[in-house]
Amino acid sequence: MADMQAFRDEVSGWAAGGPGGPAGELALRLGVRTAVLLEGPSDLAAVETLAARRGRDLAAEGVCVVAMGGAMSIGRYATLLGPPGLGLRLAGLCDENEQRFFDRGLERARAPRRDVFVCVSDLEDEFIRALGPASVEEIIRAEGDHRAWQTFLHQPAQHGRPRQRQLRRFLGTKKGRKIRYGRLLAEALSPERVPAPLDGLFARL
């Protein structure tokens with residue numbers, strides 16, 4: 001895992017304008033064959049948690065999960081890691097509203113789009129629908145965030161909104177919360193309730 005993290009760090013530096021040689025050398029040494037491109041760290045936390053629950057060692061399988069820091073970075077990462085660059089197979093997850101960025105970025109990199117799966121709204125919304133709002137609220141209580149949740153619900157902007165939308169918004173209101181709950185919600189899923197985009201992604205890895 002440490003070596004795969006080193007590869008991720010080199011890829012991030014390369015995408016920011018640094019040299020690509022170290023990333024290429026690590027990809028060869030680690031046997032990386034697939035890069036899973038994700039929008040951010042909360043998606044990465046959820047995918048890695050679900051992989052562990054399924055008994056998958058993605059690093060040992062040559063699969064590197066990469067958080068790009070936003071969907072608009074897809075063109076850069078796809079070019080570096082896909083056919084024009086390291087020649088890795090590309091897979092990924094994206095939000096419904098960001099699909100156009102993924103489509104354009106993958107097209108420019110001459111990479112197929114069949115292994116990119118689209119979440120309705122976003123991954124948190126997929127989790128909330130799969131678990132049900134009541135179960136997500138139980139997880140919030142168990143994590144000691146009940147008071148923050150109740151304070152959030154009393155905000156005028158939340159009055160009359162569907163519970164699912166309130167929960168989705170709450171998860172994004174504090175730095176680090178989406179990452180933490182990305183892990184927690186993935187841990188709470190039973191195998192038969194894994195959202196279709198995640199299930200599809202793992203079936204292709």
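This structure is a prediction, so every number in the text was calculated from the model and none was measured.
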**Request:** With salt bridge (charged side-chain N to carboxylate O under 4.0 Å, His left out) as the test, would you mind laying out the steps for Arg8 and Glu48 before giving the verdict?
**Result:** CA-CA 14 Å; Arg8 278 201 289 244; Glu48 290 194 328; 3.1 Å; yes
Just so I know, are the side chains of [X] and [Y] near enough to count as touching, which here means a heavy-atom distance under 4.5 Å?
{"X": "Leu93", "Y": "Cys119", "answer": "yes"}
{"X": "Pro195", "Y": "Leu189", "answer": "yes"}
{"X": "Glu98", "Y": "Ile74", "answer": "no"}
{"X": "Val63", "Y": "Arg33", "answer": "yes"}
{"X": "Arg56", "Y": "Leu50", "answer": "no"}
{"X": "Leu81", "Y": "Leu37", "answer": "yes"}
{"X": "Gln158", "Y": "Phe152", "answer": "yes"}
{"X": "Val11", "Y": "Leu80", "answer": "no"}

What are the two closest non-hydrogen atoms of [X] and [Y], and how far apart are they?
{"X": "Pro84", "Y": "Ala109", "value": "CD-O, 3.2 Å"}
{"X": "Glu10", "Y": "Pro22", "value": "OE1-CB, 3.4 Å"}
{"X": "Leu88", "Y": "Ala35", "value": "CD1-CB, 4.1 Å"}
{"X": "Ala27", "Y": "Phe7", "value": "CB-CE1, 3.7 Å"}
{"X": "Ala188", "Y": "Leu131", "value": "O-CD2, 3.7 Å"}

Same cluster or not: are [X] and [Y] linked, directly or through other Ile, Leu, Val, Met, Phe, Trp or Tyr residues, by side-chain heavy atoms under 4.5 angstrom apart?
{"X": "Leu171", "Y": "Leu38", "result": "yes"}
{"X": "Leu30", "Y": "Leu90", "result": "yes"}
{"X": "Leu201", "Y": "Val118", "result": "no"}
{"X": "Ile139", "Y": "Ile179", "result": "no"}
{"X": "Met72", "Y": "Trp14", "result": "yes"}

To the nearest 0.5 Å, what is the distance between [atom1] ([X]) and [atom2] ([Y])?
{"X": "Phe101", "Y": "Asp95", "atom1": "CZ", "atom2": "CG", "value": "11.0 Å"}
{"X": "Arg183", "Y": "Arg180", "atom1": "CZ", "atom2": "CZ", "value": "10.0 Å"}
{"X": "Arg168", "Y": "Asp122", "atom1": "CZ", "atom2": "CG", "value": "4.0 Å"}
{"X": "Ser121", "Y": "Asn97", "atom1": "OG", "atom2": "CG", "value": "7.0 Å"}
{"X": "Glu124", "Y": "Leu167", "atom1": "CD", "atom2": "CG", "value": "11.5 Å"}
{"X": "Asp57", "Y": "Met4", "atom1": "CG", "atom2": "CE", "value": "8.5 Å"}

**Message:** Looking at Glu138 and Arg141, is any side-chain nitrogen of the basic one under 4.0 Å from a carboxylate oxygen of the acidic one?
**Reply:**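 Judged by the 4.0 Å cut-off on N to carboxylate O distance, Arg141 and Glu138 do form a salt bridge.
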**Request:** Taking the six-membered ring of Phe170 (Phe, Tyr or Trp), confirm whether the NZ or CZ of Arg177 is under 6.0 Å from its centre and within 45° of its axis.
**Result:**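 Here Arg177 passes the 6.0 Å and 45° test against Phe170.
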**Prompt:** So among Val36, Asp115, Val116, which one has a side chain to side chain contact (heavy atoms under 4.5 Å, CB included) with Arg204?
**Reply:**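 Output: one option passes, namely Asp115.
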**Request:** Test side-chain contact (heavy atoms from CB on, under 4.5 Å) on Lys174 and Asp145 and set out the steps.
**Result:** CA-CA 11 Å; Lys174 182 179 178 182; Asp145 285 335; 5.8 Å; no
**Message:** The test is side-chain contact (heavy atoms from CB on, under 4.5 Å); show your working for Arg54 and Val194 and say whether it passes.
**Reply:** CA-CA 11 Å; Arg54 291 188 166 195; Val194 173; 3.7 Å; yes
**Request:** Start with the C-alpha gap between Leu198 and Phe127, add the side-chain angles, then the distance that decides, and say whether side-chain contact (heavy atoms from CB on, under 4.5 Å) holds.
**Result:** CA-CA 10 Å; Leu198 271 175; Phe127 280 147; 3.6 Å; yes
Test your reading of the model: is there a side-chain donor-acceptor pair from [X] to the backbone of [Y], 3.5 Å cut-off?
{"X": "Arg29", "Y": "Asp3", "value": "no"}
{"X": "Arg113", "Y": "Glu107", "value": "no"}
{"X": "Arg193", "Y": "Ala130", "value": "yes"}
{"X": "Arg53", "Y": "Ala186", "value": "yes"}

**Message:** Could you check whether Gln166 and Arg163, counting side-chain N and O atoms only, form a donor-acceptor pair closer than 3.5 Å?
**Reply:**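 Yes, a side-chain donor-acceptor pair sits under 3.5 Å.
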**Request:** Decide if atom NE2 of His159 counts as having more than 12 heavy atoms of other residues, nucleotides or ligands within a radius under 6.0 Å.
**Result:**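 Above 12, so yes.
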